Structures are given as C-alpha cells and as structure tokens.
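Please read the structure below before turning to the comments.
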Amino acid sequence: MAYRVLCGLFGAALLAVGLLFFLQFFAYQEPGSEPAIPTGPVGHYFVAFTGCALVGWAGGLLGAARHPGAGRTVGTVTAFALVLSAVYRMVVWLIGDYHVFLGSLPRVEAALFLLLALAFVWLRPPHPGKEAA
Amino acid sequence: MLRWLATAAIVALLALDLFLPSTSLGRRGTEAAARADIDGAVGAIGETLPDIALPDLEGDLVRLSDLRGHRVLLIFERSVDW
C-alpha cells in the first residue's frame, strides 16, 4: 500500500512538473514574454525535452501505483534516477555560478531525493516468485 | 543483498551531502562569497589600480600601464548566453 501511495504521489508530482516544463517552452515563444525559467532559447529546448521525459516517467509511476506487482522495475529505475539527480545536485552546490543563483537549495534537494530513493528501495514489493516461496 | 548494497550507497551519498560544507571540497561551495567584492582587494574607487596584465583578442599581453593616458573600461562577463 505504501509503495502505491509513494508511486502515485511522486508520479503525480512529476506529471505536473513535466507538463509545466513542456508548456513553458510555448510560453517562452510569446514575443516579449518574461521566462519563468531563467534561460534562453537553447535552454528552453532542453526544458521542453525534460518535460516530455518527466511525463513519460510519471506514466510509469502512475502505472506502478495501479499495479504495484507489475511495476517493481519502475521503483528500481526511479531510485536510480533519484540518486543520479542527487549526485549532480551535490556537484552543482560546489560550483559558484549555481551557488549564486540557488544557494544551498541543491543540497537540500539532493538529501530529499536520496531519502526518496531509500523509500523506493525499501517499499518496492518483493519479486512474485520470492513471495510465493 | 542488492537492496542492502543500494542502501549503503545511498546512505553514503546522504552522509556526503550532509557533511559537504565541512569538507575541504565543500568549502569551495562558498565560492560565491569569494567572488563578492572585497574592500581593498583591488583598490577603492578613485585609487590607482595595480598594474595588471591581460591577453587581448590576439593573445598578446596588454599591461594596464601600456594604456596610461587613455580611458580604460574593464568589463567582466560570460560570453555564452543560453
């Protein structure tokens, strides 16, 4: 049950952020618009791509929330992606350019992502074969 | 077994993240402070700058003293804007 809630909530959050990123690309094309994400045309190209990837990731998580037994792998890859996200945020915190803009936020996010990764590792349902054994 | 390995790796990263500011590597995180204006580091407004030397677009070194008598405007910027 906890795994379903975790997948459902995290999937819904990723879906919201993904759609926001995707729509932000189109908002940026409006002449004279003030970008909500402080980056230029190339940055928005990648923001839109990130949004599409997040929507796809969210789909996998929402599917795992509905059928947790069939969505075990989603938990594994989500934990892995969260660890990768934490690692680069820790590096970001070391780099002055980002530090000026974000302060200690990347480190806080990294800690949060690592705790979430732990939750995905431990709440993931057991393999159906092992459960039967 | 794999679950415990993953846990150990994640906990190790979490510890690194929490203790990052107190490590020698982490102290670079205060680079923003290092970049901030430091009174007296290069002289105050109205004072003469030290005789710095910087490469021009052709790579030739130009000393500040070479430009004595001319108005000099120094601009520091990142050339990439994405």
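Only this structure's heavy atoms are used, side chains among them; waters, hydrogens and symmetry mates stay out. Just so we're clear, the structure is a prediction, and the values are computed from it rather than from any experiment.
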- [ ] Might you point out which heavy atoms bring Arg124(A) and Arg3(B) nearest each other, and give the distance in Å?
- [x] O-NH2, 3.1 Å

Task: Minimum heavy-atom distance Asp17(B)-Met90(A), with the two atoms named - done: OD1-CG, 3.3 Å

If hydrophobic clusters are built by linking Ile, Leu, Val, Met, Phe, Trp and Tyr wherever their side-chain heavy atoms come under 4.5 Å apart, do [X] and [Y] end up in the same one?
X: Trp4(B); Y: Leu123(A); value: no
X: Leu14(A); Y: Phe120(A); value: yes
X: Val17(A); Y: Val74(A); value: yes
X: Trp122(A); Y: Leu114(A); value: yes
X: Phe22(A); Y: Phe25(A); value: yes

Open item on the list: Counting only non-hydrogen atoms closer than 4.5 Å, does Ala86(A) touch chain B with its backbone (N, CA, C, O), its side chain (CB onward), both, or neither?
Closed with: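 For Ala86(A), no heavy atom lies under 4.5 Å from chain B.
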
Task: Side chain / backbone / both / neither for Arg89(A) at chain B, heavy atoms under 4.5 Å - done: neither

- [ ] Tell me, for Leu16(B) versus chain A, whether the close heavy atoms (under 4.5 Å) come from the side chain, the backbone, both or neither.
- [x]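 For Leu16(B), backbone and side chain are both near chain A.
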
Open item on the list: Heavy-atom pairs under 4.5 Å with chain B: which of Leu118(A), Val87(A), Leu115(A) has the most?
Closed with: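 Heavy-atom pair counts peak at Leu118(A).
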
Open item on the list: Between Ile10(B) and Leu82(A), is there a side-chain heavy-atom distance shorter than 4.5 Å?
Closed with: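 No. Closest side-chain heavy atoms not under 4.5 Å.
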
Open item on the list: How about CD on Gln29(A), more than 12 heavy atoms from neighbouring residues, nucleotides or ligands closer than 6.0 Å, or not?
Closed with: yes

